[in-house]
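Data first, discussion second: the structure below is written as structure tokens.
The structure presented is a predicted model; accordingly, all values stated were derived computationally and were not measured. Within every chain, numbering begins at 1; the chains are lettered A, B, ... in the order of the sequence lines, protein sequences first and strands thereafter.
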2 protein chains.
Amino acid sequence: MKAYGELIQRFKDARVLDSVGAIVGWDQHTYMPPSGAAHRAEQMGFLAKLGHRMVTDPRMGELLAEVEASPLVKNPESDEAVNVRGIRRIYDRAVKMPPALVEEIARVTSQAQNVWAEARRRSDFPAFAPWLGKVVALKRQEASAIGYKESPYDALLDEYEPGATAAEVTAVFAELRGELVALVAAITSSGKKPRRDILTRDYPVDRQHVFGQAAAAAIGFDFRAGRLDTTVHPFCTGIGPGDVRLTTRYDAHAFNQGFFGILHEAGHGIYEQGLDPAHFGTPRGMAISLGIHESQSRFWENQVGRSRPFWEHFFPRARQTFPGTLDDVSLDDFLFAINDVERSFIRVEADEATYNLHILMRFELEQALLTGDLDPIGVPGAWNEKFKQFFDLAPPDDAKGCLQDIHWSMGGLGYFPTYTLGNLNAAQLMEQARQDIGELDDAIRTGEFGPLKAWLNQKVHRPGQTYMPRDLIRRVTGRPLSHRPLLTYLRRKYEPLYAI
Amino acid sequence: MKAYGELIQRFKDARVLDSVGAIVGWDQHTYMPPSGAAHRAEQMGFLAKLGHRMVTDPRMGELLAEVEASPLVKNPESDEAVNVRGIRRIYDRAVKMPPALVEEIARVTSQAQNVWAEARRRSDFPAFAPWLGKVVALKRQEASAIGYKESPYDALLDEYEPGATAAEVTAVFAELRGELVALVAAITSSGKKPRRDILTRDYPVDRQHVFGQAAAAAIGFDFRAGRLDTTVHPFCTGIGPGDVRLTTRYDAHAFNQGFFGILHEAGHGIYEQGLDPAHFGTPRGMAISLGIHESQSRFWENQVGRSRPFWEHFFPRARQTFPGTLDDVSLDDFLFAINDVERSFIRVEADEATYNLHILMRFELEQALLTGDLDPIGVPGAWNEKFKQFFDLAPPDDAKGCLQDIHWSMGGLGYFPTYTLGNLNAAQLMEQARQDIGELDDAIRTGEFGPLKAWLNQKVHRPGQTYMPRDLIRRVTGRPLSHRPLLTYLRRKYEPLYAI
């Protein structure tokens, strides 16, 4: 069908342009010389404008309408139907946004990020408050423009997690919360502590790089079709078929940051490499959501990477790679150290258990911001109150409190819950993988990750956007997303470690 | 004036897109993972198509006509007049080319390059001959489409060296040729030879990198606004204000290749960094020609970089950087070695004197190809005959003969003469710089390159495309381009070295 062909070609062109932007963005965070920043901003702005123009071209709307009325999309699981649904989602969202609002959001969040960075540096929330106010007001306008049934939050969440609603997320988070708080309390009052110094000894950066790269390759990241570089804020970017890039950062006295950072990004990268190259540039060959993407990074970082079988394989290698550093450390010591649980102030440094509490409180706060129940100026007070509830701690200042994350300054309201959705998805997928594959730990123990990667490829990666996130999880695991697998996983891990 | 503003904005947009392509191209030759090649080709093709569409938009033609008829461009040296002339040149060239021809040239040269690479590997000219035939036929069509007064060669040369003609280049090359051949003959029959082993000793790559980068910074390349990376075929790319990238390649037993390669690319980079950032994206802020660009690379690589004062400063530093390697070498030994002259087969490995002979013979051959006087199948015979004339040598095979360069396979007929134009320009500019600055050698001897760089910035870089290449040289040096400065320079250097 001719209209379908033209629709796909136009959409693909926009995606090729996106993939050019991905290189430009990667370069900005890895190799761009400092003085290149101003021109880089101009390039990025130009690409964004051009990309938006391509996607919102009125011809796209005509073609969509024509194809949607045709028999081509009758079977909802056909490639054509998947593509048309996916393009429709992106097109509708794009055309609903008035260009003036798009530009204003870009302008304000660009400035707000600079103000935020400076405010965090000086722990000066009042300096940031008016900008947070502007961002929230604009995101409220965005939610109105996009439209929603129940909550304006739904309109924002949908950008990151298609089809998800605040109500649905609230329900699963509520179930998680009670038991998780109790588990963390049991752990922290157990009196048991790992030998933490193990992870802050000498880990020369060049050896961390070799060790991390070898582990990423072992779990299945293809370095002929990818790279690993260093940056300030680690990320993974899929440029296109055969080109997926990981970044990490190293500290010669912090093993976790570099190594688990690499496993995390490699998980994202394996998802990108697992998309169907024949469908590149169309929804059928695109990742479905941040919550599914994050499930893949957490899967390898935590479900696999912090497990005993994984270290039965890698611990002897770590000892060889860092001579002398781990001589007096047993596998048990090491496992306990990398699974240390402690209430702390900073989300990105949090362990597997407390991490989700950081997300839960942000999810509540940003909903209140959006509905207007929370005035931006009241954020520090509300933050500290919630922190007391969730962690029984008082942040020493706003830099270690409500100013720690960049997300709100960049307009990313609705983004936070996808992190915990990722953790929930990862646990539920791992439960299913254990059933489907069998003897999984034995394979991992011998450094054999092929079957697990193949399972993820087939079940999660190759479908692209064939299923909405919630449907994908239900199809693969046979039940809807639940808090249960994550809690079961955390209990099984921590109860023996902390003798609870 | 509104039309001028719109014209500039449209042209700038196309240039911003070009600058995005420059990053993508740089990445391709530095960090792209091997499996990314196919998608990269798609990205590059897409950007080229889009850029061509932007430049040839009919609205550009309307705007040009309107502005050209206005008083805004009355003063031919005004920024407006310079920009309108420059845009007109690019627009006319672009719209004269039928899109089908553009596509066919892209397709054929892309394949021809692969065939050439394989033919060179096997020294199999007959395999390449039909592709050379196709390329020549297409370039003849291109010349017809572009139009010319005297020779089809002019239409091709004009792309690289605006305003230059084959007749004009032939005249200056003819004057160069006789004396140059005689000089080379005198040198090679002098019986004197430098100690060549000096340059093939141990030069560890990491130290070459440090040494070369320090030299590039010393002569004035700003590394806050640029980088140096490694690649297979070195190049320099100007991405935009504040971002200019050099690449080089190292061989642990070839000092010249790495070091003079860096100086050469740094010369290109200093030109790019010297363009007026306020005029980025318009002809007023763009390099004027390959012949002027090459003059800047040759200026620093040869005029400065192979001079005694330069090494009076750097030789002690080289000794420190490569401990032990140069202990038994005097400054005189070293200078003689880096100024070794020898007839050889490969252009890119040639010295300053014989290099131009390689260009002269290519210039003659490609004119004959274009007029039809030389059939592509006859290239090896014609090549070897000319090589005998110019060098009194017979290439052992076509790989070391007519198959050595990529240029013809990529459709670059008309490109070669800009290399020798660069050498001529560089020598003439240096003569003038010596007069204008005074005590130049004393400054260089103490590592002070600021005045020289400032002179080039002011005279050559900042004007952008204000003057055509030939006018720029005449304005800066007070006379038209001549073979005399280069010959005088070569004589002054080689006569004492070879006791001629």
Side-chain angles (χ1 to χ4, degrees), chain A residues 9 12-28 30-51 53-54 221-229 237-247 269 272-273 277-278 280-281 285, chain B residues 9-10 12-28 30-51 53-54 221-229 237-247 269 273 277-278 280-281 285:
Chain A
Q9 193 48 58
K12 263 184 153 169
D13 279 352
R15 294 288 303 163
V16 171
L17 193 73
D18 268 4
S19 79
V20 164
I23 299 174
V24 176
W26 172 85
D27 180 84
Q28 179 172 347
T30 51
Y31 295 111
M32 182 184 78
S35 301
H39 182 60
R40 185 57 49 94
E42 202 171 326
Q43 293 174 309
M44 293 301 267
F46 177 75
L47 290 174
K49 197 175 69 181
L50 199 61
R53 203 186 297 154
M54 287 167 76
F221 183 79
D222 176 3
F223 278 98
R224 276 195 62 80
R227 304 184 42 85
L228 170 62
D229 298 88
T237 186
I239 286 165
D243 194 351
V244 175
R245 308 201 178 176
L246 318 178
T247 62
E272 290 288 324
Q273 289 185 337
F280 173 78
Chain B
Q9 192 50 55
R10 281 174 172 269
K12 263 184 153 170
D13 279 353
R15 294 288 303 163
V16 171
L17 193 73
D18 268 4
S19 79
V20 164
I23 299 175
V24 175
W26 171 86
D27 181 82
Q28 180 172 346
T30 51
Y31 295 111
M32 182 184 78
S35 300
H39 181 61
R40 185 57 48 94
E42 203 172 325
Q43 293 175 308
M44 293 301 267
F46 177 75
L47 290 175
K49 197 175 68 181
L50 199 60
R53 201 186 299 155
M54 286 168 75
F221 183 80
D222 177 3
F223 277 98
R224 276 193 64 79
R227 304 183 43 85
L228 170 62
D229 298 270
T237 187
I239 285 164
D243 195 351
V244 175
R245 308 201 179 177
L246 318 178
T247 62
Q273 289 186 336
F280 173 79

Side chain / backbone / both / neither for A/L47 at chain B, heavy atoms under 4.5 Å:
side chain
Could you check if a side-chain atom of B/M32 sits within less than 4.5 angstrom of a side-chain atom of A/I23, using non-hydrogen atoms only?
no
Where is the tightest heavy-atom contact between B/R227 and A/P33, given as atom of each residue plus distance?
CG-CD, 4.0 Å
Chain B: which of A/L17, A/V24, A/D27 shares the most heavy-atom pairs with it under 4.5 Å?
A/D27
Can you tell which of A/S19, A/A38, A/G240 has the highest number of heavy-atom pairs within less than 4.5 Å of chain B?
A/S19
Tell me, for A/M44 versus chain B, whether the close heavy atoms (under 4.5 Å) come from the side chain, the backbone, both or neither.
neither
Looking at A/G242, A/G226, A/G36, which has the largest count of heavy-atom pairs under 4.5 Å with chain B?
A/G242
Return the option, out of A/D222, A/T30, A/V244, A/I239, with the maximum number of heavy-atom pairs under 4.5 Å with chain B.
A/I239
Just so I understand: if I count every heavy-atom pair under 4.5 Å between each of A/R224, A/E42, A/K49, A/R40 and chain B, which residue has the most?
A/R224
Within-4.5 Å side-chain heavy-atom neighbours: B/H39 and A/D243:
no
At a 4.5 Å cut-off on heavy atoms, which part of B/L50 comes close to chain A: side chain, backbone, both, or neither?
side chain
At a heavy-atom separation under 4.5 Å, does B/Y31 approach chain A through its side chain, its backbone, both, or neither?
both
